[in-house]
Amino acid sequence: MDNNNLPASPKDFIREIIDQHMVSKQFDGKVHTRFPPEPNGYLHIGHAKSIALNSGIAAEYGGKFNLRFDDTNPSKEEVEYVESIIEDVRWLGADWEDRLFYASDYFDQLYDYAIQLIQKGKAYVDDLSAEEMREYRGTLTQSGKESPYRNRSIEENLDLFKRMRAGEFPDGAKVLRAKIDMASPNLNLRDPVIYRIKHEDHHRTGDKWCIYPMYDYTHCLSDSIEGITHSICTLEFEDHRPLYDWVLDELEVFHPQQIEFARLNLNYTVLSKRKLLQLVNEKHVSGWDDPRMPTISGFRRRGYTTEAIRNFCERIGVAKNDSVVDMALLEYCIREDLNKRAQRAMTVLRPLKLVLDNYPENQVEYMECINNPEDPAMGTRKVPFSKVLYIEKDDFRETPPKGYFRLFPGNEVRLRYAYVVKCVSCVKDDDTGEVVEVHCTYDPATQGGTTPDGRKIKSTIHWVSADHAFDAEVRLYDRLFIKANPSDSKDGKDFKHYLNPNSLEVLKDCKLEPFMKDAASGERFQFERQGYFCVDTVDSQPGKPVFNQTVSLRDTWAKIEQAQKKSKK
RNA sequence: UGGGGCGUGGUGCAAUGGUAGCACAGCGGACUUUGAAUCCGUUUAUCUUGGUUCGAAUCCGAGCGCCCCAGCCA
C-alpha cells in the first residue's frame with residue numbers, strides 16, 4: 001500500500017470516503033466489499049468497472065471481497081447466467097476466496113426479519129391490486145394515499161403473512177409492505193413492497209418458497225449479514241439509500257455504508273442487459289459471447305486480455321458524472337497490452353499473387369523472422385520463401401494515389417525479412433479488369449531485406465509463400481452500431497435501427513504462415529501490419545484454426561486516404 | 001412542475017481558496033525492415049450571472065442545462 005515517495009495518485013471520491021472511515025474507525029478499520037449481480041444475463045464491460053472497483057478496493061485496503069448473486073426473482077433468473085458470471089468474474093481476476101453467496105441463502109433470515117418488522121408495527125399485509133397500488137402511490141408531484149389495509153392489527157398481519165408463506169393466496173393477491181410514509185417526496189419511501197407472492201420454483205431453493213423478498217429489502221440485509229462495510233452501487237440507487245438505511249435502522253442490525261457512482265457508458269455500443277438480451281434473442285449476434293458483444297465473454301472470445309480490461313477500468317476513473325467513454329480508449333488498452341506479448345506472424349488476408357520473374361523455379365529459402373521485436377526473448381522463426389508469393393491486395397496499386405509508397409509499376413519495396421523487389425508488370429482479368437497477378441524482379445544482393453548499398457526503401461510489405469501457405473478463415477469485426485449513442489431515441493428510432501450491417505466480415509481464403517496451422521485455441525497473434533487476432537475458441541478444429549480479429553493496428557495510411565477521398569467530394 | 005444527483009478541452013478523470021493538469025482522441029514532426037510501436041511538440045476547457053476574497057473550477061446567492069425516480073424488476 002505504501003508507494004514510497006511517489007506523488008499520491010489522485011484518489012476517487014469513494015476511496016476518499018473510505019480513507020475517512022479508516023481514520024474515524026467507522027468500521028473498525030475494516031473494508032469489505034461485494035459484487036452483487038442478478039443472474040439474469042451475462043456480464044458486460046460496465047460490470048467489469050464495478051468488479052474492478054470493488055475487488056480493487058478490497059485488495060488495496062487489505063480487506064475482503066464477496067461475490068453474491070442477487071437472486072430474489074425466480075422468474076428472471078437462470079443457472080446458465082450464474083455459471084457465466086462466476087466464470088467472468090474469475091477471468092477478470094477478482095478473488096472472492098470462499099465467499100460465494102446467494103441472497104437466496106438468506107431467505108429464512110429475511111423472513112424472520114420481516115416478522116420482526118411486522119411485530120414492530122413497521123410492516124403490513126396489503127390486499128390492494130397492483131393497479132390500485134399504483135393509483136394509491138400518487139405521482140411525482142402529488143403525495144400518495146394510505147391503503148385501507150394499512151392499519152391492520154399486528155396479529156392479523158402476522159397471520160396473513162404466515163398464510164402468504166404457506167401458499168394460501170394466489171400470485172398478486174397480497175404483498176407485505178413496509179409502513180413508512182405515503183406522503184414522502186421520495187417514492188421509494190411510500191410504503192414499498194418488500195415481499196410478493198410468486199408460486200414459482202427458484203433455481204436454488206426449488207419449491208420451498210412461494211413468497212420472495214424484493215431488492216430493496218434484501219440487498220441491505222444481505223450486505224449486513226455478510227458484514228459488508230461499503231456497499232458500492234450505481235447512481236440510480238441513490239434514491240433508494242434512505243430505504244436501505246430505514247430497513248437496517250428499524251431492525252437495529254449492522255449498517256453498511258451505501259455509496260453510489262456513475263455506471264460506465266461506451267460509445268458505439270449498448271450496455272444494458274435488456275438490450276443485449278434482445279440482440280441475442282433476435283439473432284442479431286450469434287450469442288452472448290459473440291465477439292462483437294460488449295460482454296466479458298464477448299471480449300474474451302474476441303481476444304481481449306484481463307490485463308487490458310482491468311487497465312481500462314483503472315483509466316476511466318470513478319465519479320458521479322454521467323459519462324460516455326470513447327471506445328478508442330479500450331482499443332488503446334488492448335493494443336498496448338498485446339503489442340508487448342503477441343507473437344508476430346505474416347498473414348495475407350486478401351491475397352494477390354506475386355511472381356518473382358528472376359527467382360529460380362523450385363528454390364526455397366528459409367528467412368529468419370523476429371517473433372516479437374518488443375521482446376527478444378521470444379526468439380525467431382524460419383519462414384519459407386519462394387518464387388510465387390501472396391501479398392495483400394491493398395499493397396499494390398496500378399496507379400498509385402498521392403502519398404502511396406507501396407508496390408506499383410516501376411517501384412521498389414522490401415518484402416519483410418526477404419528481398420527488395422521491383423514491380424515490372426501486372427496481369428489483369430480480361431472480363432473484370434481486376435489485377436490478378438503482379439510481376440517483380442528481386443535483387444539478390446538484398447537477402448534478408450538489407451540494402452548493402454545503403455539505399456532507402458520506403459515501404460516494407462508482408463508476404464507468404466504460395467506453395468507453403470495454408471488457408472484459413474479470418475473474421476474481421478467493426479463496431480456493432482453506426483451511431484455513437486444507439487440508445488438515443490429522440491428521433492423515434494429503436495436502437496436496433498443503428499446496427500452496423502458490416503460489423504462482421506468473414507474472409508475465407510486467407511493465406512497464413514505454415515507454423516500457425518497448429519496454433520492453440522485462444523492463442524493470440526499480431527498479424528503484421530494488420531492487427532491482433534486470436535484463435536477462436538468455438539469454431540476452430542485441431543489443425544484448422546479460425547481467427548477472430550481482436551483489434552486492428554492503427555492505420556495512418558487509411559486515415560490519409562480517407563481524408564483524400566473526403567476532400568475530393 | 002415533487003425529490004435525488006451532476007455540470008472542467010472532442011472524450012474520460014484530476015486540481016479540496018494560490019501557475020487549470022494527466023490519459024485517450026486530433027494535429028505536426030523525428031525514428032522505423034510493421035504507414036505499427038517508440039520519442040518529441042501541439043490545438044482545444046472551468047454552464048451562466050452576481051457576490052465574498054489580495055486571489056474562486058473550488059465558498060455563497062440566483063438562474064440555465066443534463067441524468068434518475070410513479071415495477072408486486074434489480
Side-chain angles (χ1 to χ4, degrees), chain A residues 9-12 16 36-38 40 70-73 75-77 126 128-130 133-135 137-144 171-177 184-190 192-198 212 214-216 218-219 233-242 260 262 264 267 273-274 315-333 335-336 339-340 344 346 369-370 373-374 403-406 413-418 420 446 448-451 457-462 526-531 552-560:
Chain A
S9 65
K11 281 190 172 173
D12 57 71
E16 274 176 5
E38 182 189 12
N40 68 342
D70 223 324
D71 56 351
T72 57
N73 186 351
S75 14
K76 292 190 171 183
E77 297 149 8
D126 198 348
L128 250 30
S129 70
M133 206 178 288
R134 196 183 318 119
E135 285 162 22
R137 188 154 32 229
T139 67
L140 293 178
T141 52
Q142 293 172 334
S143 69
D171 288 9
K174 289 180 168 30
V175 292
L176 184 70
R177 289 230 253 173
S184 173
N186 181 344
L187 304 222
N188 295 121
L189 264 20
R190 318 242 263 229
V193 171
I194 58 180
Y195 265 94
R196 77 284 219 189
I197 300 171
K198 269 178 188 279
Y212 292 93
M214 299 286 290
Y215 166 84
D216 285 303
T218 308
H219 200 89
C233 62
T234 43
L235 248 30
E236 67 270 27
F237 292 104
E238 213 151 15
D239 283 343
H240 295 241
R241 188 170 3 111
E260 311 85 10
L264 169 67
N267 59 12
K273 282 198 221 168
R274 203 200 94 238
R315 283 173 191 252
I316 57 177
V318 180
K320 295 187 77 162
N321 301 335
D322 286 314
S323 59
V324 183
V325 174
D326 195 334
M327 189 69 95
L329 180 60
L330 219 204
E331 293 181 344
Y332 173 84
C333 290
R335 285 191 189 108
E336 182 188 45
N339 177 47
K340 283 179 293 190
R344 312 285 127 122
M346 292 197 284
C369 301
I370 294 166
E374 303 288 324
Y404 184 90
F405 46 73
R406 273 113 93 152
V413 299
R414 175 187 292 108
L415 294 178
R416 187 146 161 95
Y417 299 122
V420 173
T446 58
T450 55
T451 50
I457 306 297
K458 191 93 168 115
S459 181
T460 299
I461 66 174
H462 61 279
Q526 184 200 86
F527 290 6
E528 292 215 29
R529 303 207 304 133
Q530 316 212 74
S552 69
L553 248 32
R554 287 186 58 177
D555 191 346
T556 305
W557 167 245
K559 217 176 277 175
I560 293 168

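Quick note on labels: first sequence line is chain A, next is B, and so on, each numbered from 1. Being a predicted model, the structure only gives us computed values, none of them experimental.
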Once base and sugar-phosphate atoms are separated, protein heavy atoms under 4.0 Å mark nucleotides 65-71 of chain B, 5' to 3', with B, S and - as --SBBBS
Per nearest nucleotide of RNA chain B, the residue lying toward the 5' end, K320(A) or E38(A), is K320(A)
* Asked: Is there a donor on the side chain of Q526(A) or the base of U34(B) sitting less than 3.5 Å from an acceptor on the other?
  -> yes
Note on RNA chain B: ranges paired as stems (three or more Watson-Crick/G-U pairs in a row, both atom distances under 3.5 Å) are B:2-7 with B:64-69, B:10-13 with B:21-24, B:26-30 with B:38-42, B:47-51 with B:59-63
Hey, does M214(A) have a side-chain heavy atom less than 4.5 Å from the side chain of V175(A)? no
T234(A) meets the side-chain contact (heavy atoms from CB on, under 4.5 Å) criterion, sequence neighbours left out, with E236(A), F237(A), F261(A), R263(A)
Any protein N or O atoms within reach of nucleotides 37-41 of chain B? Criterion: under 3.5 Å, listing atom names and distances.
{"residue": "A37(B)", "atom": "O2'", "partner": "N339(A)", "partner atom": "ND2", "Å": "2.9"}
{"residue": "A37(B)", "atom": "O2'", "partner": "E374(A)", "partner atom": "OE2", "Å": "3.4"}

Taken in chain and number order and not counting sequence neighbours, the residues that satisfy side-chain contact (heavy atoms from CB on, under 4.5 Å) with R554(A) are R335(A), K559(A)
key: Aromatic-base stack, W557(A) on G35(B), cutoff 5.5 Å, angle under 30   = yes
Roughly how many Å apart are U34(B) and U42(B), using the P atom of each and rounding to a whole number? 28 Å
Residues at least two apart in sequence or cross-chain that pass side-chain contact (heavy atoms from CB on, under 4.5 Å) with D171(A), listed by chain then number, are I197(A), H199(A)
Next item on the list: Let me see the working for M346(A) and L415(A) under side-chain contact (heavy atoms from CB on, under 4.5 Å), right down to the final yes or no.
Entry: CA-CA 11 Å; M346(A) 292 197 284; L415(A) 294 178; over 6 Å; no
Per the O4'-C1'-N9-C4 / O4'-C1'-N1-C2 angle with a 90° window around 0, G21(B) comes out anti
Here the distance between atom P of C24(B) and atom CG of L264(A), to the nearest Å, is 18 Å
message = Suppose you measure atom P in C64(B) against the same atom in U49(B); what distance do you get, rounded to whole Å?
response = 15 Å
